[in-house]
Amino acid sequence: MTWMMTSASSERPARISSPHGGASHTAIDLRDLEETRPPADIKSCPSSDNRLLHPTVQIAPVEFVKRLGTGCPGWFAESIHAPLGRTIELEFQGPVHLLAMYNEGARRDGETLVDGFAPSKIRNLTKKLTFVPAGCGYRERLETAASTRLTFLYLDPTVLRNGGEIDYAARVHFEDIVVWETAAKLKSVIENGQARRKLYLSALSSVLAIELFRCDDNNERDAALTRGGLACWQKRAVVGYIEEHLGEQICLVTLARLARLSQHHFCRAFKKSFGIPPHQYQVRRRMEQAKLLLADPSISVTDVGFTVGYSQTSSFSVAFRKMTGWTPSEYRREFK
């Protein structure tokens, strides 16, 4: 994978499209981006126009595919359209995370290969997700049985993190409505030219990181059970309940009952799975939700606090500052 340097300083998002409706390269020329240094293990090479080449999925043949991408350092989104009755091949391995969202589509034949997984040959791709961690190999062949639309989100490891403690696992053709909605919102922010709102992008990325961590693949689920953590169905039940009741006081008895465990065993298994106790997890999720709400200037700081479960603005401000290092008002000013 080849990276080149850019000397431009503008933060305007760069929007690209192939003149022939496709692209045969594994990198896209991002214009007008702020200066970005490639990772230490990625070799840079001279460029006649001194621009950055962003690693993207290689698609062949190029003449059948329409693709449009836009982004800024750390975040890049591509929309891909392949018509009915075409066979295309996709391939990617790079220094960034890749999240593929299959907006719609089906295939008559083909398979999806991700390092460490058996080939997936599912036919109906609509609303499926595939996550490829940085450095992991991804290959896919699609003989389209319907018009197929995909979204590729390319996320730098420095922006998709949750306390710096996550080693992400690949996941192939999984379904998760919370991951989907969070990724769709992130794509919208990138594509709508809001790249200057880096704190908003960071907040959405943090939420996405938490959700990706939550939806473990089958192997990780079994490993979690062996280590004494929660099973996947228990995680879904408990985290889903917490998400639906972020603004309420949640009783530990209720969560333990959802997981069908005693309170003692539930607390131990929850901390084993998530690294923190249930109450701290809820507080963290409240603060992530608060960040998103604070990005909307029409919502007062007081109302944001009420929404995420704080009856007094002062207690909300203390909790928010403890978690982020800023008061809610200071955080909001960053969006102006």
Side-chain angles (χ1 to χ4, degrees), residues 74-75 97 99 129 131 153 155-168 176-190 194-195 197-216 230 235-250 255 270-271 273-313 315-335:
W75 297 270
H97 301 309
L99 180 63
L129 295 152
F131 180 69
L153 288 180
L155 304 168
D156 191 281
T158 61
V159 304
L160 191 68
R161 58 187 178 185
N162 179 22
E165 300 174 355
I166 293 180
D167 290 327
Y168 293 101
D176 189 291
I177 186 61
V178 179
V179 172
W180 183 279
E181 291 178 350
T182 305
K185 184 178 292 187
L186 185 59
K187 172 181 179 286
S188 178
V189 173
I190 296 170
Q194 301 181 53
R197 301 173 66 178
K198 294 296 180 64
L199 283 177
Y200 192 28
L201 285 168
S202 296
L204 284 171
S205 300
S206 295
V207 173
L208 183 60
I210 292 171
E211 297 305 335
L212 285 171
F213 177 58
R214 175 180 58 80
C215 56
D216 292 324
L230 295 172
K235 289 182 183 179
R236 282 199 304 267
V238 171
V239 171
Y241 186 88
I242 291 174
E243 292 297 319
E244 292 174 4
H245 299 83
L246 276 182
E248 305 171 18
Q249 294 296 323
I250 298 178
L255 297 180
F270 189 98
K271 187 172 182 179
S273 293
F274 294 93
I276 53 177
H279 175 69
Q280 289 184 25
Y281 179 89
Q282 184 188 18
V283 171
R284 179 183 293 182
R285 291 297 297 119
R286 282 178 169 179
M287 296 304 104
E288 295 297 344
Q289 181 65 22
K291 290 178 184 179
L292 300 181
L293 294 172
L294 287 168
D296 186 348
S298 67
I299 306 176
S300 69
V301 171
T302 299
D303 286 342
V304 171
F306 285 153
T307 300
V308 297
Y310 292 87
S311 58
Q312 296 183 347
T313 305
S315 58
F316 167 57
S317 296
V318 169
F320 190 88
R321 185 167 188 173
K322 183 177 180 180
M323 184 69 67
T324 67
W326 288 318
T327 66
S329 297
E330 290 171 342
Y331 185 88
R332 167 164 280 173
R333 280 196 293 271
E334 294 294 324
F335 289 97

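Throughout, numbering of the chain's residues begins at 1 and tracks the sequence.
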Name the one of L255, V239, V238, I250 that satisfies side-chain contact (heavy atoms from CB on, under 4.5 Å) with P278?
L255
How far does CZ of R284 sit from OG of S206, to the nearest 0.5 angstrom?
9.5 Å
Over 12 non-hydrogen atoms of neighbours within 6.0 angstrom of CD in Q249
no
Quick one: are F274 and K235 in side-chain contact, heavy atoms under 4.5 Å?
yes
Could you check if a side-chain atom of Y200 sits within less than 4.5 angstrom of a side-chain atom of K185, using non-hydrogen atoms only?
yes
Determine the interplanar angle of the Y281 and F270 rings, folded into 0 to 90°, and report it as parallel if under 30°, tilted if 30 to 60°, perpendicular if over 60°.
perpendicular
Taking every heavy atom of V308 against every heavy atom of A290, the minimum-distance pair comes out as CG1-N, 4.1 Å
Check: L160 and L212 side chains under 4.5 Å, non-hydrogen atoms:
yes
Run the numbers on Y331 and R321 for side chain to side chain contact (heavy atoms under 4.5 Å, CB included), then give the verdict.
CA-CA 9 Å; Y331 185 88; R321 185 167 188 173; over 6 Å; no
Can R285 and E288 be counted as an ion pair, charged N to O under 4.0 angstrom?
no
If the condition is salt bridge (Lys or Arg N to Asp or Glu O under 4.0 Å), which residues does K187 pass it with, not counting sequence neighbours?
E191
Mind listing the closest non-hydrogen atom pair of P277 and K271 along with its distance?
N-CG, 4.4 Å
Output all residues satisfying ring-ring contact (aromatic ring centres under 6.0 Å, His included) with Y241, sequence neighbours left out; order by chain, then residue number.
H245
Worked check of side chain to side chain contact (heavy atoms under 4.5 Å, CB included) between F316 and R286
CA-CA 10 Å; F316 167 57; R286 282 178 169 179; over 6 Å; no
Testing the basics here: between V304 and R332, what is the closest heavy-atom pair and its distance to 0.1 Å?
CG2-NH2, 4.4 Å
Using side chain to side chain contact (heavy atoms under 4.5 Å, CB included), reason through K291 and T324 one step at a time and then give a plain yes or no.
CA-CA 10 Å; K291 290 178 184 179; T324 67; 3.6 Å; yes
Work out which heavy atom in L153 is nearest to a heavy atom in A183; give both atom names and the distance.
CD1-O, 3.7 Å
Side chains of L99 and L186 in contact at under 4.5 Å (non-hydrogen atoms)
no
Please name the pair of heavy atoms, one in D156 and one in T158, separated by the smallest distance, quoted to 0.1 Å.
OD1-OG1, 2.6 Å
Parallel, tilted or perpendicular: which fits the ring planes of H97 and F131, with parallel below 30° and perpendicular above 60°?
tilted
Shortest non-hydrogen contact between W75 and S205, atoms and distance
NE1-OG, 2.8 Å
Donor-acceptor contact present, side-chain Q280 to main-chain G275, <3.5 Å:
no
Do T327 and S317 have side-chain N/O donor and acceptor atoms under 3.5 Å apart?
no
Does T182 form a side chain to side chain contact (heavy atoms under 4.5 Å, CB included) with I210? I'd like the steps, not just the answer.
CA-CA 11 Å; T182 305; I210 292 171; over 6 Å; no
